[in-house]
Each structure stands twice: as C-alpha cells, then as structure tokens.
Amino acid sequence: MSENLIGYIDNQGNIIDTQSAGQNPDAKAIEYDNSNESLEIIRHSTAHLMAQAITELYTNAKFFVGPNVDEGFYYDFRVDEKIGEEDLKKIEKKMKELIKKKYKIEKYEMTKAEALEKFSNDDLKQEVLKRIPDGTVSIYKQGDFEDLCQGPHVPALRFLHNFKLTRVAGAYLGGDETKEMLTRIYGIAFADKESLKDYIKMMEEAKKRDHRKIGAEMELFMFNEESGAGLPFWMPKGSRLRYKLENILHKAHRKRGYEPVRGPEILKADMWRTSGHYACYGENMYLTTIDEQEYGVKPMNCIGHIQIFKQSGKSYRDLPLKYYEYGVVHRHEQSGALHGLLRVREFTQDDAHIFCTPEQIASEVIDIVEFVDSVMKLFGFEYSMEVATKPEKAIGDDDVWELATQGLKDALSENNLPFTIDEGGGAFYGPKIDIKITDAIGRKWQCGTVQVDFNLPERFEVEYVGEDNERHTPVMIHRAILGSFERFIGILTEHYAGEFPLFIAPTQIIFVPISDSHVAYAKELKSQLIDLDIDCEIFDKNDSLNKRVRTAEKQRVPYVVIVGDEEVENKTVAIRNRRTKEQYNLSFDEFMVELSQQLNEGKI
RNA sequence: GCCCAUAUGGCUCAGGGGUAGAGCACUUCCUUGGUAAGGAAGAGGUCGUGAGUUCAAGUCUCACUAUGGGCUCCA
C-alpha cells in the first residue's frame with residue numbers, strides 16, 4: 001500500500017475510503033493530491049478533525065451534519081457558548097494539537113437501530129438518523145472522538161495539515177427556517193501548503209475587488225439608510241458607465257431586429273391576476289391602492305409588452321416580433337438577501353419578449369444564444385448554460401411544459417451547445433435556459449435567461465392570423481442577457497477590479513495640465529472628445545504635478561494624459577499607460593484614431 | 001423573514017459613563033511644478049434613530065433602521 005494512498009474510486013465513480021475497501025479492491029487508487037476525489041476525502045476528514053477539536057474545547061457540543069460544499073466543508077453543531085471569528089484561531093490551534101497525536105481514523109458498523117440506541121441522548125444525531133434509510137450505518141473513530149458518518153475519510157490524521165477555518169455563521173437545522181439555528185463553521189483544506197496559500201491569496205484579492213468597496217471608491221453608486229434598503233442610487237460616474245453599457249446594448253438589439261418599447265411602472269392588480277403573478281409571485285410584489293383600485297408595481301415587464309403586441313391585429317408575417325425594454329422592476333427581496341448591487345429591490349432588466357410561432361422557437365433560441373455569446377465575449381466572461389424545468393408552483397398543463405422544455409433542449413443540442421439540467425428551477429409560466437457566468441473570483445452568477453412561455457399568451461388571449469387565415473396563439477420567449485444592469489455592473493466591477501475597458505470606463509481620460517497656462521489646451525481637447533462620447537476630466541487643482549499624476553493614476557482610468565508647453569506647441573499628447581506606467585507621445589489626431597479603435601472593440 | 005455581528009465628520013479608523021480625536025478628502029493662501037503625496041492656515045461630527053438606566057451616556061440596556069457574514073430565496 002502506497003504511503004500516499006487515501007482511497008479508491010470504483011467504476012461507478014464512487015469514492016471508497018481505505019477503511020471500507022477491504023483487502024483487494026477492484027478500483028482505481030486515489031492518491032493524496034489536489035484532485036477532486038482526493039480533496040473530497042481530505043476536506044471531509046478535516047471537518048471531522050474540526051468537530052473533534054470543538055468537542056475538546058466545548059464539551060457540551062452536539063453535532064448535526066458536516067458535508068463538503070463547492071468551496072471546502074462545513075459542520076453544523078450546537079454549543080451553549082457563542083462562537084465568533086476570534087474563536088476560529090483557537091479551534092485551528094486545537095486541531096493542530098490533535099494532529100500531533102497521530103490518530104488513525106477507524107471505521108465500524110452497526111444497524112440503524114443500534115445507532116439510535118447509542119446516540120439516544122443526542123437529539124441532533126437522532127435528527128441525522130431520521131434522514132438515513134434503515135440498514136447499516138457507519139461510525140468513524142479517531143482517538144476518543146467518534147461520529148456517525150458515511151465517509152469517506154483519510155486513513156489517519158497525518159494527512160491533514162493544510163486547512164483554514166474561514167467563517168462562522170448560523171444555519172437552520174436541515175435548512176428549515178422553522179427549526180432551531182445551529183452554529184456553522186466553514187473551512188477549506190488542500191493537499192499542499194502552496195494551494196492553501198494561493199486560496200487565501202485569492203480570497204484577499206476577491207475582498208479587494210468587492211464591488212461595494214470599489215463602487216464607493218470610484219463613486220459609482222450608493223445606498224442611503226433613510227431611503228430604504230436595496231434601492232441603489234447611481235452617482236454621476238456610475239451613470240456614465242451605465243449609459244455606455246446601455247448604448248452598446250441598444251445598438252446590438254437594433255442590429256438584431258429588436259424594437260424598443262416601454263410599459264408603465266404600475267398596472268392594475270387584475271392584470272397581475274390574469275398573468276398569474278398575483279397568485280404565484282404575489283409575496284414579492286409591491287401593491288398599492290389608487291382611487292379604490294388595487295395596483296401592482298411591476299416585478300416583470302412581460303405584461304406591458306403583451307398589451308403593446310395586442311394593440312393591433314398581427315399576422316404571421318409580423319413574426320417573430322421582438323420587443324425590448326430596459327425595464328425597471330421592483331421585487332420584495334428578503335431583507336437578509338440584499339447584497340450590494342448583486343441583489344436589490346429595484347433594478348433594471350435588459351428585457352425582451354419575442355412573439356413567434358412554435359416552429360420558430362428553436363432558431364430564435366439559437367439567435368439569443370449567439371447574442372449572449374457576443375456579449376460575454378466582449379467582457380471576457382466564461383459562461384455555462386442550464387435548462388430549468390417545471391417548478392412546484394406553476395401555471396399551465398404538463399404537456400405544454402414538456403413541449404416547451406424539449407424545445408429548449410433541442411435548440412441547444414442541435415447546435416452542440418452543452419448544458420446541464422436544473423430540475424424544478426423554471427419560472428412559474430415556463431421552462432428556461434439560465435446563463436451562468438463565472439466572475440473573476442470564480443463565483444458563478446446567473447445573469448441571462450431565456451424562457452419559453454406558452455401560458456401567458458393564452459391567458460391574455462394573444463393572437464395572430466396565420467397563413468391559413470385562422471387565429472393562432474403565438475409563443476412568447478422572455479429573455480435577458482445581462483439579467484439586470486445593477487447585478488451585471490456589480491459583476492463587471494469585480495471582474496475588472498474597477499479597471500474598466502475604455503468603451504465603458506466611467507472616466508476615460510484624465511488630463512493633467514502641467515501649469516495653468518495649459519488648461520485651455522486640455523479644455524479644447526476635452527470638447528473635441530465629447531463628440532466621440534468620451535468622458536474626460538481635467539485635473540487642474542492647485543496641487544503639485546506629482547500629486548495630480550498620482551491622484552489621476554488612482555482613479556483607474558484607461559488614460560492619463562499630461563499636457564505642457566511641448567504638447568500645446570506640437571498639438572500632441574503625452575500618454576501614461578495605466579498598467580506599465582510607461583509614457584509615449586502621440587499627435588492628437590493619432591490619439592483620436594487610437595481611441596476610436598478601442599471604442600470599436602465595444603461594438604457587438 | 002430568521003441567527004450572529006457592526007453602526008463615531010465625505011472616506012478609513014482610534015477613543016470609551018463626566019459633554020469628541022487622527023490620517024485622507026474638502027476650503028483658502030503661498031508655490032506654476034514634466035509624470036505616484038511641496039508648504040501653511042482653516043472649516044467640518046454631539047458619536048445611525050427612539051426610548052430607558054444614571055447626578056451624568058458615543059460609552060450600559062431595549063426597540064427600530066441600515067450594513068456585513070450566513071440560512072432561505074433569486075436577475
């Protein structure tokens with residue numbers, strides 16, 4: 001047996017630890033390294049080690065479950081004391097002490113009935129056992145500590161060195177908010193020191209890039225306690241960025257045959273009853289009464305677009321008809337869910353609705369996926385797609401759902417686009433494709449969404465006249481690419497760490513005139529650049545040149561341009577590269593060409 | 001919504017039962033400098049909001065609001 005052997009993987013992909021494998025396992029060995037399987041074992045064992053340390057520090061601790069998650073592991077438990085961030089160090093220290101005792105991790109089995117008896121005075125273990133099917137259960141033991149667990153585990157504590165407890169939080173027993181709140185500690189572990197170091201470094205980098213921090217520093221957006229939670233204010237610089245993004249998207253929509261429309265912010269409650277929002281989405285809606293009539297602030301834009309479609313008779317020749325709107329919507333998100341720009345109560349979707357025939361669904365979905373692809377490429381995002389199926393709370397017949405869901409899958413499959421399935425994750429009116437992008441920290445965010453809807457057109461009696469001169473109900477495709485400007489800009493901010501590319505940068509150029517006599521020249525250049533829709537600032541404050549260069553440099557602008565006697569005389573600019581700090585000179589005309597080229601990169 | 005934590009000038013933070021401090025930013029003046037902080041002076045908070053305890057409260061207690069970390073949910 002190799003020194004580094006910590007388990008096996010069988011031909012079904014199941015991980016079997018050395019304690020369970022027997023003498024001659026017919027399976028592939030898992031070595032102690034950073035492979036997914038290896039980390040799964042290491043992290044789960046680290047969770048047990050943490051539990052053992054907690055037991056020694058807090059003798060009354062009772063444990064619930066301690067699984068692995070995407071990033072590391074956690075353990076839920078109950079203690080009488082309050083555990084804070086400061087206590088993590090203490091627990092880590094105890095964990096390291098335990099490692100020195102060189103315990104082996106041993107496994108033994110018993111029936112579930114025996115386990116219920118063994119843990120009869122541990123109500124949390126009883127809860128765990130309730131969730132386990134009858135039969136044999138396993139116990140893992142290291143020193144005096146033992147825990148009900150199905151594994152897998154490393155053979156001995158000597159494999160656990162490179163871990164860190166990352167945070168404490170509360171979590172409901174079994175995720176059920178009617179049950180008690182347990183203490184949860186998250187941690188991470190790797191096979192080697194370097195990987196742990198890299199991980200910690202990455203977390204620090206993520207903290208630096210936090211869009212809430214950068215957004216405040218760059219004066220992009222703000223919140224205000226007096227106005228209410230989850231209601232963002234866009235400051236001048238944030239608005240510049242946002243307008244640029246809107247303009248790029250506007251042109252991209254027009255190129256692809258979309259027509260701009262706009263619906264009202266509030267509509268009578270009956271509209272929302274017809275649509276099904278009142279019943280299925282009511283708890284998230286803001287309702288109000290005007291002249292004894294109930295109204296609802298729109299949480300989605302579809303109803304408005306449907307009214308516009310219905311305003312005049314439509315022919316099959318009009319289809320597919322694509323309406324788009326930067327639709328402001330309000331949703332009552334739970335107060336605890338609010339998070340910077342990433343989760344707010346008022347936001348603007350880049351929303352569109354495509355009215356088409358069932359036969360046109362596939363090609364329309366493909367067109368949308370192409371659109372998504374060009375937007376994501378523009379910003380250098382990786383993304384993946386997920387088909388979400390019928391949720392519990394839904395309207396419409398099962399066979400209609402089946403048809404629509406299959407339509408989405410077919411469109412992707414036929415074009416060799418990979419996707420995964422999210423069972424029950426659909427909208428209440430139809431299945432959808434969610435586009436998840438990966439940000440700079442590797443976190444996945446749902447942004448774009450494509451939803452096929454057979455239900456709303458029927459409910460609102462939307463019709464068109466077909467080739468056969470009969471009335472037909474069109475299909476509606478709801479789609480957003482960014483998802484919302486708020487969230488997307490939040491993600492972009494972290495993705496670029498505030499160093500936006502020229503075509504969306506809030507301030508694109510800062511001019512630093514060497515002395516007062518050069519301010520006029522800077523102003524002249526600035527006014528010429530406004531015609532290219534380029535936002536410039538002039539740093540002519542009464543500060544030293546060095547100070548102003550420094551301040552400009554810290555603004556994360558693409559260009560810092562210094563102008564002095566030489567530049568005024570030769571009609572040139574002295575450019576400072578924001579990354580390399582190198583300087584180069586261009587004639588103003590050449591500079592305009594360079595800028596235009598970079599602006600063109602923002603065309604899709 | 002639930003659990004825990006936090007809340008001091010625009011920002012970052014110190015203070016801690018006897019009526020507020022620093023750095024940056026800001027204002028004014030001197031300086032007109034060739035690429036990451038020139039110098040001087042000055043203004044600005046009653047310590048998230050509301051109650052309570054106390055002779056006395058940023059400082060202790062409670063409620064609320066907001067923010068942060070989670071749970072849940074989601075663009």
Side-chain angles (χ1 to χ4, degrees), chain A residues 74 76 82-86 166-186 210 212-213 216-217 219 222-231 281 283-284 299-300 327 329 331-351 388 425 427 432 434-437 445-449 451 478-488 490-491 512-519 539-554 560-567 574-578 581-583 585:
Chain A
Y74 68 78
D76 283 352
K82 270 180 191 165
I83 295 186
E85 298 277 342
E86 330 72 63
T166 46
R167 51 180 171 256
V168 232
Y172 298 108
L173 197 158
D176 179 346
E177 66 178 282
T178 62
K179 296 274 172 58
E180 73 173 297
M181 176 81 59
L182 301 173
T183 301
R184 173 176 293 182
I185 296 183
Y186 284 92
D210 191 314
R212 292 167 297 188
K213 183 171 169 278
E217 272 172 27
E219 300 177 309
M222 55 177 255
F223 292 91
N224 175 259
E225 186 179 336
E226 286 76 42
S227 312
L231 303 172
Y281 204 73
E283 68 266 24
N284 278 317
M300 300 182 192
V329 295
R331 299 183 184 175
H332 185 82
E333 297 296 342
Q334 295 190 328
S335 58
L338 303 175
H339 180 96
L341 285 182
L342 299 181
R343 171 135 262 108
V344 289
R345 286 183 172 154
E346 186 205 87
F347 57 98
T348 307
Q349 296 179 301
D350 59 323
D351 203 4
K432 58 180 182 173
D434 283 331
I435 291 107
K436 304 203 177 208
I437 69 176
W445 289 100
Q446 185 186 323
C447 287
T449 178
Q451 310 176 353
H478 311 240
R479 57 106 280 209
I481 291 175
L482 307 184
S484 79
F485 283 93
E486 285 73 11
R487 167 181 280 178
F488 197 77
I491 294 168
V512 182
I514 288 177
S515 74
D516 292 346
S517 59
H518 311 118
V519 174
F539 276 23
D540 57 354
K541 234 187 76 175
N542 185 10
D543 273 327
S544 69
L545 177 66
N546 280 355
K547 177 72 180 286
R548 287 178 292 139
V549 168
R550 178 186 146 86
T551 314
E553 193 69 64
K554 288 179 74 173
V560 173
V561 172
I562 284 82
V563 289
D565 284 338
E566 253 177 64
E567 287 72 27
I575 298 162
R576 192 182 149 89
N577 183 293
R578 73 168 150 185
K581 322 297 181 220
E582 281 164 11
Q583 301 159 224
N585 286 56

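Sequence lines set the chain letters: A, B, ... in the order given, protein chains first and strands last, and positions in each chain run from 1. Values in this document were obtained by computation on a predicted structure and should not be read as measured data.
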- Item | Interatomic distance at C1', B:G17 relative to B:G10, whole Å | 30 Å
- Task: State the syn/anti category of B:G23 according to its glycosidic angle, syn meaning within 90° of 0.
- Result: anti
- Item | Rounded distance in Å between the C1' positions of B:U72 and B:A57 | 38 Å
- B:U67 to B:G34 separation - C1' atoms, rounded to the nearest Å: 45 Å
- Message: Are B:A66 and A:Phe223 stacked, with the base six-membered ring and the side-chain ring centres under 5.5 Å apart and planes under 30°?
- Response: no
- Within the modelled atom types, does a donor on one side and an acceptor on the other bring the side chain of A:Tyr172 and the base of B:G1 under 3.5 Å apart? yes
- Give A:Gln446 one of three labels, base, sugar-phosphate or nothing, depending on what nucleic acid heavy atoms sit under 4.0 Å from its own. sugar-phosphate
- Message: Quick check on B:G69: is either OP1 or OP2 less than 4.0 Å from any side-chain nitrogen or oxygen of A:Arg184?
- Response: no
For nucleotides 25-29 of chain B, give me every protein contact, N/O to N/O, under 3.5 Å, one pair per line with atom names.
residue	atom	partner	partner atom	Å
B:A25	OP1	A:Lys547	NZ	2.9
B:C26	OP1	A:Lys541	NZ	3.0
B:C26	OP2	A:Lys541	NZ	2.8

- Using atom P of each nucleotide, how far apart are B:A36 and B:G9 to the nearest Å? 34 Å
- Task: To the nearest 0.5 angstrom, please state how far the CD atom of A:Glu283 sits from the CZ atom of A:Arg331.
- Result: 12.5 Å
- Message: Would you say that A:Phe539 contacts A:Leu545 through its side chain, given a criterion of any heavy-atom pair below 4.5 Å between the two side chains?
- Response: no
- Which is true for A:Ala480 with a 4.0 Å heavy-atom rule: it touches a base, it touches only sugar-phosphate, or it touches nothing? nothing
- Quick one: label A:Gly230 by what it contacts on the DNA or RNA (base, sugar-phosphate, nothing), any heavy atom closer than 4.0 Å. sugar-phosphate
- Task: To the nearest Å, give me how far apart CZ (A:Arg343) and P (B:C74) are.
- Result: 9 Å
- Message: Output the rounded distance in Å from CG (A:Leu182) to C1' (B:C71).
- Response: 11 Å
- Query: Donor-acceptor pair under 3.5 Å: do we get one between A:Asn546's side chain and the base of B:U35?
  - Reply: no
- Message: Would you say that A:Val168 contacts A:Thr183 through its side chain, given a criterion of any heavy-atom pair below 4.5 Å between the two side chains?
- Response: yes
- Message: Among B:A37, B:A75, B:A36, which nucleotide has an atom closest to any side-chain atom of A:Val344?
- Response: B:A75
- Could you check how far CG of A:Leu338 sits from P of B:U72, rounded to whole Å? 17 Å
- Test item: A:Lys541 and A:Lys547 side chains (from C-beta on) under 4.5 Å apart, heavy atoms: no
- Message: With heavy-atom distances below 4.5 Å as the criterion, would you say the side chains of A:Val560 and A:Arg578 are in contact?
- Response: no
Nucleotide N/O of nucleotides 4-12 of chain B paired with protein N/O under 3.5 Å:
none

- Query: More 5' along RNA chain B: A:Glu567 or A:Lys432, using each one's nearest nucleotide?
  - Reply: A:Glu567
- Do A:Glu226 and B:G48 have a side chain to base donor-acceptor pair shorter than 3.5 Å? no
- Give the rounded distance in Å between these two atoms: CD of A:Glu333 and P of B:A75. 8 Å
- What nucleic acid atoms does A:Gly340 come within less than 4.0 Å of, heavy atoms only: base, sugar-phosphate, or nothing? sugar-phosphate
- Message: What's A:Asp565 touching, base or sugar-phosphate or nothing? Going by heavy atoms closer than 4.0 Å.
- Response: base
- Message: Once you apply a heavy-atom cut-off of 4.0 Å, does A:Tyr186 come out as touching a base, just sugar-phosphate, or nothing?
- Response: sugar-phosphate
- Query: Can you tell me how far P of B:C74 sits from CG of A:Asp351, to the nearest Å?
  - Reply: 18 Å
- Task: Nearest-nucleotide wise, let me know which of A:Ala171 and A:Ser484 is further upstream toward the 5' end of RNA chain B.
- Result: A:Ala171
- Message: Working to the nearest 0.5 angstrom, can you tell me the gap between A:His518 NE2 and A:Ile562 CD1?
- Response: 12.5 Å
- Using the P atom as the reference point in each nucleotide, state the distance between B:A22 and B:G15 in Å, no decimals. 15 Å
- Task: Could you tell me whether the phosphate oxygens of B:G69, OP1 or OP2, come under 4.0 Å of any side-chain nitrogen or oxygen in A:Arg212?
- Result: yes
- Which whole-number value in Å describes the distance from A:Asn284 CG to B:A75 C1'? 12 Å
- Message: With a 4.5 Å cut-off on side-chain heavy atoms, are A:Pro513 and A:Val563 touching?
- Response: yes
- Message: With rounding to the nearest 0.5 angstrom, report the CE to CG distance, A:Met222 to A:Leu231.
- Response: 11.0 Å
- Query: Stem ranges for RNA chain B, with three or more consecutive Watson-Crick or G-U pairs under 3.5 Å?
  - Reply: B:1-7 with B:65-71, B:10-13 with B:21-24, B:26-30 with B:38-42, B:48-52 with B:60-64
- Message: Counting the atoms with a prime plus P, OP1 and OP2 as sugar-phosphate, which does A:Arg167 contact under 4.0 Å by heavy atoms, base, sugar-phosphate, or nothing?
- Response: sugar-phosphate
- Task: Working to the nearest 0.5 Å, report the span between CD of A:Gln334 and CZ of A:Arg345.
- Result: 9.0 Å
- Message: With a 4.0 Å limit, can you tell me whether A:Ser335 has a side-chain N or O closer than that to the phosphate oxygens OP1/OP2 of B:G1?
- Response: yes
- Whole-angstrom distance between B:C26 and B:U19, as gauged at atom P: 33 Å
- Message: What's the closest nucleotide to the side chain of A:Lys581 if the choices are B:A36, B:G38, B:U35?
- Response: B:A36
- Taking NZ, NE, NH1 and NH2 as the nitrogens, is one of them in A:Lys432 or A:Asp434 under 4.0 Å from a carboxylate oxygen of the other? yes
- Query: Which whole-number value in Å describes the distance from A:Glu553 CD to B:U35 C1'?
  - Reply: 9 Å
- Query: Any donor-acceptor pair under 3.5 Å between the side chain of A:Arg548 and the base of B:A36?
  - Reply: no
- Message: Any side-chain N or O of A:His339 below 4.0 angstrom from OP1/OP2 of B:G69?
- Response: yes
- Query: Is the distance from OP1 or OP2 of B:U72 to the nearest side-chain N or O of A:Gln334 less than 4.0 Å?
  - Reply: no
- Message: Could you tell me how far B:G45 sits from B:C13 if I compare only their C1' atoms? Round to whole Å.
- Response: 14 Å
- Query: Just wondering, are more than 12 heavy atoms of other shown residues or ligands nearer than 6.0 Å to NZ in A:Lys581?
  - Reply: yes
- A:Phe488 side chain near A:Ile437 side chain, heavy-atom distance below 4.5 Å: yes
- The reported gap from CZ in A:Arg184 to CZ in A:Arg167 (rounded to nearest 0.5 angstrom) is 10.5 Å
- Classify the nucleic acid contact of A:Val512 as base, sugar-phosphate or nothing, counting any heavy atom under 4.0 Å across all strands shown. nothing
- For atom CZ of A:Arg345 and atom C1' of B:C73, their distance in whole Å: 12 Å
- Task: Supply the atom-to-atom distance A:Asn284 CG to A:His332 NE2, rounded to the nearest 0.5 angstrom.
- Result: 7.5 Å
- Item | P-based separation of B:C24 from B:A40 [nearest Å] | 11 Å
